[in-house]
Amino acid sequence: MQSYAAVILDIEGTTTPISFVHDTLFPYVTNNIEKFLRENWGRPELEEQIDLLRDQASIDVKDGISDAKWIPDKSADISSSEDMQAAVIYNITWQMKQNRKIGALKSFQGYMWKSGYETGDLKGIIYDDVVEAFHKWNHMGCKVYIYSSGSVQAQKLLFSHSNKGNLLEHLSGHFDTNIGPKIKSESYVNIAKSIGEQTKNIIFLTDSAQEAVAAEGAGLQVVIVVRPGNASLPSYITENANIKIIDNFLTLFNK
């Protein structure tokens, strides 16, 4: 690898086990949403989240997306609180089954996870080597950023309520898909502009082959991280001499 001035990290399958996301975070939402809505109904923060979901649902219905349904407006005659809650539960459950990366869904998930982290029901899982790498990068003067499909709020919650303690002090910034899709090269160019670095001076760590290709196309140095449970890598990655493959962040510091 060439020298670099900034590090961008993916979360799922990179800093954090895929199983934590799919076996802990996602079920927390689906298993607790009915109780959560009932206990928080009428709060301004929840109404803001529902407005986002309603706007997205309207777009989905107009676009003819299969099984998409309206979320009734609170001013509608038929929209009792029970009707509204049922519509929200349907919408969240439907979107999560589709594994959508839509902003409104990610925002609502983050809102629910915030409650879970604050009560101690949730605790982020970070691999041991990640924390040691944070210290090394900080000592080197390298700034470390997170880029994930999860909302910035959800990212901060995971790293501030982790099994390794509050790790936010090691991070210089966070990006989600508001900067652009993770499989588009333009998104990485946008991040480089945002942090004031040339793409060639940035190293990006991810478990995703598609993200790796997009980042390489933008001129970043790219590292694929192999963790337990991650998907197998296609040949166009394993045969690409420009993409380094590691199973431990600390490998990057070996001379």
Side-chain angles (χ1 to χ4, degrees), residues 7-33 35-36 92 95-97 99-101 105-139 142-177 182 203-212 222-233 244-253:
V7 180
I8 301 175
L9 302 173
D10 172 47
I11 293 179
E12 183 181 341
T14 303
T15 67
T16 299
I18 285 180
S19 59
F20 174 70
V21 177
H22 291 277
D23 298 342
T24 300
L25 288 183
F26 288 171
Y28 181 83
V29 173
T30 54
N31 293 340
N32 293 284
I33 185 171
K35 178 184 177 183
F36 183 83
I92 293 295
Q95 291 203 71
M96 291 184 68
K97 284 182 178 178
N99 195 28
R100 302 184 88 195
K101 307 295 184 182
L105 172 64
K106 295 298 181 183
S107 181
F108 186 89
Q109 289 172 326
Y111 178 59
M112 275 196 68
W113 291 333
K114 180 175 184 292
S115 174
Y117 282 116
E118 290 177 344
T119 60
D121 291 336
L122 292 174
K123 188 174 289 291
I125 305 298
I126 306 295
Y127 285 114
D128 292 342
D129 58 296
V130 175
V131 179
E132 190 170 345
F134 280 173
H135 287 286
K136 289 181 177 291
W137 281 321
N138 293 163
H139 182 72
C142 268
K143 293 186 176 180
V144 182
Y145 300 88
I146 301 297
Y147 181 29
S148 172
S149 58
S151 68
V152 167
Q153 177 194 32
Q155 297 172 30
K156 290 181 176 180
L157 287 168
L158 190 153
F159 285 101
S160 63
H161 297 78
S162 84
N163 60 327
K164 309 299 183 186
N166 187 342
L167 301 175
L168 290 182
E169 65 177 352
H170 300 292
L171 303 174
S172 295
H174 301 259
F175 297 94
D176 56 23
T177 51
K182 296 186 74 181
I203 185 172
F204 175 56
L205 280 68
T206 181
D207 70 309
S208 167
Q210 287 183 300
E211 293 172 11
V222 179
V223 175
I224 285 278
V225 183
V226 177
R227 302 287 196 184
N230 285 9
S232 57
L233 298 174
K244 186 177 181 68
I245 301 174
I246 64 174
D247 61 7
N248 188 304
F249 279 19
L250 301 181
T251 304
L252 295 174
F253 304 98

Spatial distance of atom [atom1] ([X]) from atom [atom2] ([Y]) [nearest 0.5 Å]:
| X | Y | atom1 | atom2 | result |
| --- | --- | --- | --- | --- |
| Ser149 | Leu105 | OG | CG | 10.0 Å |
| Ile126 | Leu167 | CD1 | CG | 6.0 Å |
| Ile146 | Leu171 | CD1 | CG | 5.0 Å |
| Arg100 | Lys106 | CZ | NZ | 11.5 Å |
| Tyr117 | Leu122 | OH | CG | 5.5 Å |
| Ser172 | Lys143 | OG | NZ | 5.5 Å |

- Message: Could you check whether atom CD of Glu118 has more than 12 heavy atoms from other residues, nucleotides or ligands sitting under 6.0 Å from it?
- Response: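 Yes, because the 6.0 Å sphere around CD of Glu118 holds more than 12 heavy atoms from other groups.
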List the atom of [X], the atom of [Y], and the distance in Å for their closest heavy-atom pair.
| X | Y | answer |
| --- | --- | --- |
| Gly110 | Ser151 | CA-OG, 4.5 Å |
| Asn230 | Gly13 | ND2-O, 2.9 Å |
| Ala133 | Leu250 | N-CD2, 3.9 Å |

Taking the side chain as every heavy atom from C-beta outward, state whether [X] and [Y] have any pair of such atoms under 4.5 Å apart.
| X | Y | answer |
| --- | --- | --- |
| Ile8 | Ile203 | no |
| Asp207 | Ile18 | yes |
| Thr177 | Lys101 | no |
| Gln109 | Met96 | yes |
| Val226 | Leu233 | yes |
| Phe249 | Val223 | no |
| Val21 | Phe26 | yes |

side-chain hydrogen bond (donor to acceptor under 3.5 Å, both in side chains) pairs, two or more places apart, involving residues 13-25: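 Checked against side-chain hydrogen bond (donor to acceptor under 3.5 Å, both in side chains) - neighbours excluded - the pairs reaching residues 13-25 are Asp10-Thr14, Glu12-His22.
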Return each pair, listed once, that meets side-chain hydrogen bond (donor to acceptor under 3.5 Å, both in side chains) where at least one residue sits in residues 126-139; pairs must be two or more places apart or across chains.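 For residues 126-139, and leaving out neighbouring residues, the side-chain hydrogen bond (donor to acceptor under 3.5 Å, both in side chains) pairs sorted by first residue read Tyr4-Trp137, Asp128-Lys164, Asp129-Arg227, Asn138-His170.
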Without swapping roles, check the side chain of [X] against the backbone of [Y] for a donor-acceptor pair under 3.5 Å.
| X | Y | result |
| --- | --- | --- |
| Asn32 | Tyr28 | yes |
| Asp247 | Val225 | no |
| Ser162 | Leu158 | no |
| Asp176 | Val152 | yes |
| Trp113 | Leu157 | no |
| Gln155 | Phe175 | yes |

Exercise for review: Check the pair Phe108, Ile33 against side chain to side chain contact (heavy atoms under 4.5 Å, CB included), reporting the backbone distance first and the verdict last.
Suggested key: CA-CA 10 Å; Phe108 186 89; Ile33 185 171; 3.9 Å; yes
In chain order, what residues pass the ring-ring contact (aromatic ring centres under 6.0 Å, His included) check against Tyr111, with sequence neighbours excluded?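 With neighbours one apart ignored, the set is Phe36.
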- Quick one: ring-ring contact (aromatic ring centres under 6.0 Å, His included) partners of His174, sequence neighbours excluded?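 None.
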How would you list, by chain and number, every residue that makes a side-chain hydrogen bond (donor to acceptor under 3.5 Å, both in side chains) with Lys156, sequence neighbours excluded?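 Testing Lys156 for side-chain hydrogen bond (donor to acceptor under 3.5 Å, both in side chains), a comparison that skips the adjacent residues, returns none.
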Evaluate the criterion side chain to side chain contact (heavy atoms under 4.5 Å, CB included) for residue pair Lys123 and His161; output intermediate values, then yes/no.
-> CA-CA 6 Å; Lys123 188 174 289 291; His161 297 78; 5.5 Å; no
Inset, instruction - Given side chain to side chain contact (heavy atoms under 4.5 Å, CB included), test Leu9 with Tyr145 step by step and report yes or no. - result: CA-CA 6 Å; Leu9 302 173; Tyr145 300 88; over 6 Å; no
Residue list, side-chain contact (heavy atoms from CB on, under 4.5 Å) with Ile125, at least two apart or on another chain: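 So Ile125 forms a side-chain contact (heavy atoms from CB on, under 4.5 Å) with Pro17, Phe20, Asn163.
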